[in-house]
Structure formats: C-alpha cells, structure tokens
Q: 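This is the structure, below, for whatever I ask next.
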Amino acid sequence: MPTQRYWLMKSEPNVYSIADLQRDSRTCWDGVRNYQARNFMRDDMQVGDGVLFYHSNAKPMGIYGLAEVVRESYPDHTAFDTSDPHYDPKSDPADPTWMMVDVGYVGMFKEPLPLITLKQTPGLEHMLVIQRGSRLSVQPVTPDEWQIVLGLGELTT
DNA sequence: GCCAACGTTGGC
DNA sequence: GCCAACGTTGGC
C-alpha cells in the first residue's frame with residue numbers, strides 16, 4: 001500500500017475554477033509546461049493523493065477546496081494540438097515531453113482560505129505557496145501542513 | 001497595471 | 001557552458 005501524498009495545485013479561476021471541477025466531477029490537469037511540476041505529476045503522484053485546490057490571480061487568492069488524484073500520469077495531448085494555447089512543437093507524440101494526471105472533486109471550503117491567512121498560520125511557514133516568487137504550479141504539501149490547512153476551513157460538497 | 005522573481009532560450 | 005535577453009507567473 002503506497003503512502004498517500006499531498007499536493008497543492010494552482011489554477012486561475014477564469015481558466016478553470018473549483019466550481020468547474022465540482023460541475024465536471026473530474027478533469028485532466030493539462031497545460032503544465034514546467035519540468036519540476038511535471039516531474040511531481042509523472043514521478044510522484046498516485047491515485048488517492050490529496051490535492052489542495054488553489055486559485056491564483058483571484059479575489060481572494062487562496063485555497064478554495066480539495067481534490068484528489070484519480071488517474072496517474074499519462075501524456076498531455078494538448079501539447080500536440082496546434083490550436084491549443086499550450087501547444088509545444090518540441091513534444092514528440094512518440095516520446096511526449098508533457099504529462100498530466102486526472103483529478104476528482106472532493107469538496108469546497110465554505111469560505112476560501114486566503115493566502116494572507118495561510119501566511120499568518122503557525123506551522124505553514126514553509127509552504128511553498130506562501131514564499132515570495134514561488135511560481136511552481138504543482139507543489140508537494142507535508143502531512144502536517146495538510147492537517148493544519150484542513151483545520152482552517154469548513155468543507156462542503 | 002506594475003513589476004519582481006523566475007525559467008527558458010539562444011548567441012557566443 | 002555561460003549568461004544576457006526575453007517571456008511568463010502571479011502577488012501586490
């Protein structure tokens with residue numbers, strides 16, 4: 001039985017929001033074009049892993065809900081689609097550069113957990129998302145951080 | 001809208 | 001292999 005891991009995944013809500021995930025039940029996490037983020041998805045994510053769903057460029061920006069990994073990594077087909085904004089001509093379909101996972105909806109916080117709150121919460125000092133200049137869109141979260149974050153909000157489905 | 005931080009690209 | 005230029009992210 002593999003150890004469950006925890007993650008934080010960023011999305012701009014005007015592109016794809018937690019409400020979109022609630023509506024869709026699950027989605028493929030396409031469009032990641034950063035090697036470090038890809039490596040986490042490709043090498044470390046397992047079905048059942050917990051995901052903090054973060055809204056960037058939002059009011060307020062912060063954690064809006066929970067998701068879970070429901071499918072392990074497979075090629076991101078949008079990299080082969082010339083009409084897709086994330087098209088990457090260097091990604092060979094026979095040896096894809098970019099991978100994605102599928103995530104499923106778990107729940108939404110009644111009130112989002114704003115970034116500013118996370119910054120003020122003891123025990124979260126080392127979360128990557130609160131570090132200045134942190135641009136990683138898929139990042140690991142420790143079990144302790146996960147528990148603290150869940151204690152900050154009230155979840156609804 | 002601004003711009004700091006960061007990752008990537010490409011000339012050398 | 002270095003590093004300046006560039007483009008993007010994303011908080012403010």
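Naming convention: chains lettered A, B, ... in sequence-line order (proteins, then strands); numbering from 1 in each chain. The shown structure was predicted, so the numbers you read here are calculated from the model rather than taken from an experiment.
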Q: Establish, from distance only, whether the side-chain atoms of A/Asp102 and A/Trp29 form a donor-acceptor pair under 3.5 Å.
A: no
Q: Check whether A/Leu113 and A/Trp146 end up in the same hydrophobic cluster, where Ile, Leu, Val, Met, Phe, Trp and Tyr are linked by side-chain heavy atoms less than 4.5 Å apart.
A: yes
Q: May I ask you to say whether A/Asp76 pairs ionically with A/Arg33, meaning some side-chain N is under 4.0 Å from a carboxylate O?
A: yes
Q: Heavy atoms under 4.0 Å, any strand shown: does A/Lys59 hit a base, just sugar-phosphate, or nothing?
A: nothing
Q: Establish, from distance only, whether the side-chain atoms of A/Asp30 and A/Tyr16 form a donor-acceptor pair under 3.5 Å.
A: no
Q: Under 4.0 Å from a heavy atom of chain A: give me the 5'-most and 3'-most nucleotides of DNA chain B that qualify.
A: B/dA4 to B/dT9
Q: Tell me, with the steps shown, if A/Arg23 and A/Asp20 meet side-chain contact (heavy atoms from CB on, under 4.5 Å).
A: CA-CA 5 Å; A/Arg23 178 198 63 213; A/Asp20 293 326; 3.1 Å; yes
